[in-house]
Amino acid sequence: MRKFAIVSLGISLLLAIALLVSARDESLNEDVSRSLQKPIVAAEKNVYLPLVNFVSPINKDGTELHFTENILSACDKERGGLIDCIVQNRSQIEKMLSDNQTLLDRYQAFLNYTQFSQPLLNEGESTPIPFVDLQRVKLALWAKSILLIKDGKAAEGLDLLHRDTQFWRMLLTQSDNLLTHMVAVTLLRKQYELLSRIVAEFPQMAAAEKNKLLQMIAPLSIQELSFRRALAGELQLVAHALTQLDQTNSCADSSGKDCTNATAAANWSLTNPMWRKTPLYRHNATLNLQAGLLEQWAGFSELPATKIAKQKESFSQSLEKEYKPTTGSGMRVYNYIGKQFVATGFADVSAYFLKAHDLNGLLRLINLQIQITSLGLPDERIGPFLQTSDSEFTNPYTGEAMIWDAKERTLSFPAQGRKDAGEIAVMLGKSVLRAQDKH
């Protein structure tokens, strides 16, 4: 009996040792460690804080500044066209610019910055950027530029637009989270749609300023199309959250009273550290897993648009199967909770990539628009001209020539960044009865 007890004890010890060895946390992958390092940007060169403080008060009463109205939103619904509406409402727009001069000055000061990095605060959250007010001031600046062009001051007006375009493309490249990245994509699309309308309204100016306009609509670079930096920022958020979780050793109720003993029985709750002392959760293993998922998304974002559009469903399904296993699929006990964290946060972000390529396709359309306008091509020659265009000016998803609708006088291609059907389109000549984008 004693011999049996010794053997049982030995087996138990071996099992305990095996469990401890198998339950040791992984080493953090080098790529993960590299991704967790935020770019070092000198405070005086980083536009993040100026953006955060965009609506900060100037008076002692502490009232924040907010842009009064969005005149372009009302003009966009006018049957006479956006540009005509801006010109006809000149006095109202000039008053709006005057009433919001402080915000306009602050916005134009942003355009001198060339770097952006959004820091994490101790709580793992960053102060939000007031994008609504930024968008309104941005569109007001474009209205100002349109009035300058109307007055024959094309160089001055286009210079404002060029600087604004450079700023938002910088923000697109350096954004370190998905929200900021997609805001940059959205606002760039809005401003390029406006640029297309300017070209349609002022064809002689477009022909004379062709080179400057072509600089503004340069195709998006690999860095601008890549989501690698934004996804690295998402990994940094996850790492910060898990670190904060690991440091949670006690809890307090709403009155501030210690409730650690009251929750001691809840061994697997997030407020109790006991579950983090078991093989069910390992910090580094969880980060390695999350980083592996984000790395695959980052690599996918850097593929050509044709491959992303063709493979997005199968690619997302394969990742979901790998990182979001179903109950009863044989998931190992080791780091089970960490795997559940990653599975819970799984999301298909391929539509974001396609929105960026929709934007790049819009740039191709405007490039063609400028070429056709400056050459003064008659309608009957536009179709053949598109058929002989270089590959950099074709449909980004198929490589086929852009669509020419002679009746509507539009150049277009089917969009891929939305689930519902739609197309990205620009108009040759004034737009009277329809919006530029058929979404």
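All values below come from the heavy atoms of this structure, side chains included, with hydrogens, waters and symmetry mates left out.
- For the residue pair S117 and N46, the shortest heavy atom distance occurs at O-ND2, 2.8 Å.
- The minimum heavy-atom distance between A401 and L386, with the atom names listed, is CB-O, 3.5 Å.
- Taking 4.5 Å as the limit, some side-chain heavy atom of L187 sits within range of a side-chain heavy atom of V183.
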Which atom pairs, one a donor and one an acceptor, fall under 3.5 Å between side chains of residues 147-160 and the rest of the protein, sequence neighbours left out?
unit_1: D151; atom_1: OD1; unit_2: R90; atom_2: NH1; d: 3.1
unit_1: D151; atom_1: OD1; unit_2: R90; atom_2: NH2; d: 3.4
unit_1: D151; atom_1: OD2; unit_2: R90; atom_2: NH2; d: 2.4

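- In this structure, I129 and L179 have side chains that are not in contact, with every pair of non-hydrogen atoms separated by 4.5 Å or more.
- Atom-to-atom distance recorded for D164:CG and L194:CG is 10.5 Å, nearest 0.5 angstrom.
- Taking 4.0 Å as the cut-off between side-chain N and carboxylate O, D133 and R136 do not count as a salt-bridged pair.
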Inset, instruction - Show your reasoning for whether side chain to side chain contact (heavy atoms under 4.5 Å, CB included) applies to Q290 and T286. - result: CA-CA 6 Å; Q290 181 69 52; T286 303; 5.6 Å; no
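- The number of heavy-atom neighbours closer than 6.0 Å to NZ of K190, taken from other residues, nucleotides and ligands shown, is 12 or below.
- For Y397 (side chain) and L354 (main-chain N/O), a donor-acceptor pair under 3.5 Å exists by modelled atom type.
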Inset, instruction - For side chain to side chain contact (heavy atoms under 4.5 Å, CB included), just list the numbers for L195 and T165, CA-CA rounded to whole Å, side-chain angles, deciding distance to a tenth of an Å, and then say yes or no. - result: CA-CA 10 Å; L195 182 62; T165 299; over 6 Å; no
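- Looking at E295 and R228, a side-chain N of the basic residue comes within less than 4.0 Å of a carboxylate O on the acidic one, giving a salt bridge.
- Using a cut-off of 4.0 Å between Lys/Arg side-chain N and Asp/Glu carboxylate O, E26 and R282 are scored as not salt-bridged.
- Note: F346 and W297 have tilted aromatic rings, judged against thresholds of 30 and 60 degrees for the angle between ring planes.
- For CZ of F385, the number of neighbouring non-hydrogen atoms (other residues, nucleotides, ligands) closer than 6.0 Å is greater than 12.
- No side-chain heavy atom of Y48 sits under 4.5 Å from any side-chain heavy atom of L51.
- Within 6.0 Å of CD on Q101 lie more than 12 heavy atoms contributed by other residues, nucleotides or ligands.
- One N or O on the side chain of S33 and one on the backbone of N29 form a donor-acceptor pair closer than 3.5 Å.
- Heavy-atom neighbours of K38 NZ from other residues, nucleotides or ligands within 6.0 Å: above the threshold of 12.
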Inset, instruction - Any chance you could lay out the side chain to side chain contact (heavy atoms under 4.5 Å, CB included) test for L287 and L28, step after step, and finish with the verdict? - result: CA-CA 8 Å; L287 274 181; L28 209 59; 4.0 Å; yes
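- The aromatic rings of Y107 and F54 sit perpendicular, their planes meeting at an angle over 60°, well past the 30° parallel limit.
- Panel note: side chain N53, backbone S56; no donor-acceptor pair is recorded below 3.5 Å.
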Legend entry - Verdict with supporting geometry, Q296 and Y323, side chain to side chain contact (heavy atoms under 4.5 Å, CB included): CA-CA 11 Å; Q296 292 198 60; Y323 290 93; 3.2 Å; yes
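- Using a 4.5 Å heavy-atom cutoff, the side chains of L428 and P203 are not in contact.
- Between I370 atom CD1 and E209 atom CD the span is 11.0 Å, to the nearest 0.5 Å.
- Counting all heavy atoms, side chain and backbone alike, A305 lies closest to P396 at CB-O, 3.4 Å.
- Looking only at distances, no side-chain donor or acceptor of E400 sits under 3.5 Å from a matching main-chain atom of T394.
- S226 places no side-chain N or O within donor-acceptor distance of the main-chain N or O of Q223, the cut-off being under 3.5 Å.
- Put simply, OG1 on T173 and CD1 on I222 are 12.0 Å apart, with the number rounded to the nearest 0.5 Å.
- Other residues, nucleotides and ligands contribute over 12 non-hydrogen atoms within 6.0 Å of the CD atom of E302.
- The minimum heavy-atom distance linking S412 with L365 is given by the pair N-CD2, 3.8 Å.
- No donor-acceptor pair under 3.5 Å is formed between the side chain of S98 and the backbone N or O of K95.
- Proximity of I198 to L213: side-chain heavy atoms (C-beta onward) are nowhere separated by under 4.5 Å.
- Without hydrogens or angle criteria, D358 side chain to Q416 main chain gives a donor-acceptor distance under 3.5 Å.
- Side chain of E64 to main chain of V55: no donor-acceptor pair is present (N/O by atom type, distance under 3.5 Å, no hydrogens or angles).
- Looking at Y192 and I366, their side chains come closer than 4.5 Å, going by heavy atoms from C-beta outward.
- Note that the CD1 atom of I146 and the CD1 atom of I86 stand 3.5 Å from one another [nearest 0.5 Å].
- Note: K144 NZ to L104 CG = 5.5 Å, rounded to the nearest 0.5 Å.
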Inset, instruction - Tell me, with the steps shown, if Q215 and N211 meet side chain to side chain donor-acceptor pair (under 3.5 Å). - result: CA-CA 6 Å; Q215 289 178 11; N211 291 335; over 6 Å; no
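- Within a 6.0 Å radius of CD in E44, more than 12 heavy atoms belonging to other residues, nucleotides or ligands are found.
- Taking all atoms of both residues into account, the shortest heavy-atom contact from F300 to S350 is CE2-CB, 4.3 Å.
- Judged by distance alone, the side chain of N360 and the main-chain N or O of L220 form a donor-acceptor pair under 3.5 Å.
- Between Y281 and Q340, every side-chain heavy-atom pair lies at or beyond the 4.5 Å cut-off.
- Of the possible polar contacts, one joining the S145 side chain to the L141 backbone as a donor-acceptor pair under 3.5 Å is found.
- Pairing each heavy atom of T398 with each of T306, the nearest pair is N-CG2, 4.2 Å.
- You'll find the side chain of H162 reaches within 4.5 Å of the side chain of Q166, heavy atoms only.
- Put simply, OG1 on T180 and CD on Q118 are 4.5 Å apart, with the number rounded to the nearest 0.5 Å.
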